[in-house]
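Values reported hereafter were calculated over all heavy atoms of this structure, with side chains retained and with hydrogens, waters and symmetry mates removed.
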Amino acid sequence: MTGAWERILDKYGQRVAVVRDGAETLCRAFLQPALETREDWFQSLPTPLGTVRRDQWLYLGPPEVSLDGLGDGYVAWNNTQFEVRAAQPVCLGEDTIYWWALLAVRDPEPEDGPGETA
């Protein structure tokens, strides 16, 4: 089963980077928006300080690139960084066949502005 999954990812997956402790691991994974169908749910939410993104993304990745204990790490794709909200290996018997995760777009790093110190 793992060989079939690897061939599917090679052919149809996106190129992503999993960044852990500053080290980047390149791989192929499926990364797609997880759309909500409820009427009261919106991709972005207006707040007094501006809009906040609430969209979530589904990640299905290779078994050899663990998302466990990523900490401050992230998944990068298409000039966007994603934080891991939840992740778990999906197993067949004793073998991990892929990683499932729910991702959220990371807030951009704040830039130093007037009155801020580095």
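Looking at heavy atoms from C-beta onward, Leu58 lies out of side-chain contact with Leu31 at the 4.5 angstrom threshold. Under the 4.5 Å side-chain criterion, counting only non-hydrogen atoms from C-beta, Leu70 is not in contact with Val19. No side-chain heavy atom of Leu67 sits less than 4.5 Å from a side-chain heavy atom of Trp100. A heavy-atom distance below 4.5 Å is not found between the side chains of Ile97 and Cys91. In this structure, the side chains of Pro63 and Trp5 come closer than 4.5 Å at one or more pairs of heavy atoms.
Applying side chain to side chain contact (heavy atoms under 4.5 Å, CB included) to Trp99 and the options Val90, Val65, Leu60, Asp68 leaves one that passes, Asp68.
Atom CG of Asn78 is surrounded by more than 12 heavy atoms from other residues, nucleotides or ligands within 6.0 Å. Heavy-atom neighbours of Asp10 CG from other residues, nucleotides or ligands within 6.0 Å: above the threshold of 12.
Residues Tyr59 and Leu26 fall into different hydrophobic clusters, defined by Ile, Leu, Val, Met, Phe, Trp and Tyr side chains chained together at heavy-atom separations under 4.5 Å.
Within the structure, the ring pair (Phe, Tyr, Trp, His ring centres under 6.0 Å) test picks out the following pairs touching residues 68-97 (sequence neighbours left out): Trp57-Trp77, Trp57-Phe82.
Side chains of Arg28 and Gln14: a donor-acceptor N/O pair is absent below 3.5 angstrom, by distance only.
Contact record, Gly61 with Ala29: CA-CB, 3.8 Å, taken as the closest heavy-atom pair.
The distance from atom CG of Leu102 to atom CD of Gln56, rounded to the nearest 0.5 Å, is 4.5 Å. Taken to the nearest 0.5 Å, the CG atom of Asp72 stands 11.5 Å off from the CZ atom of Arg20.
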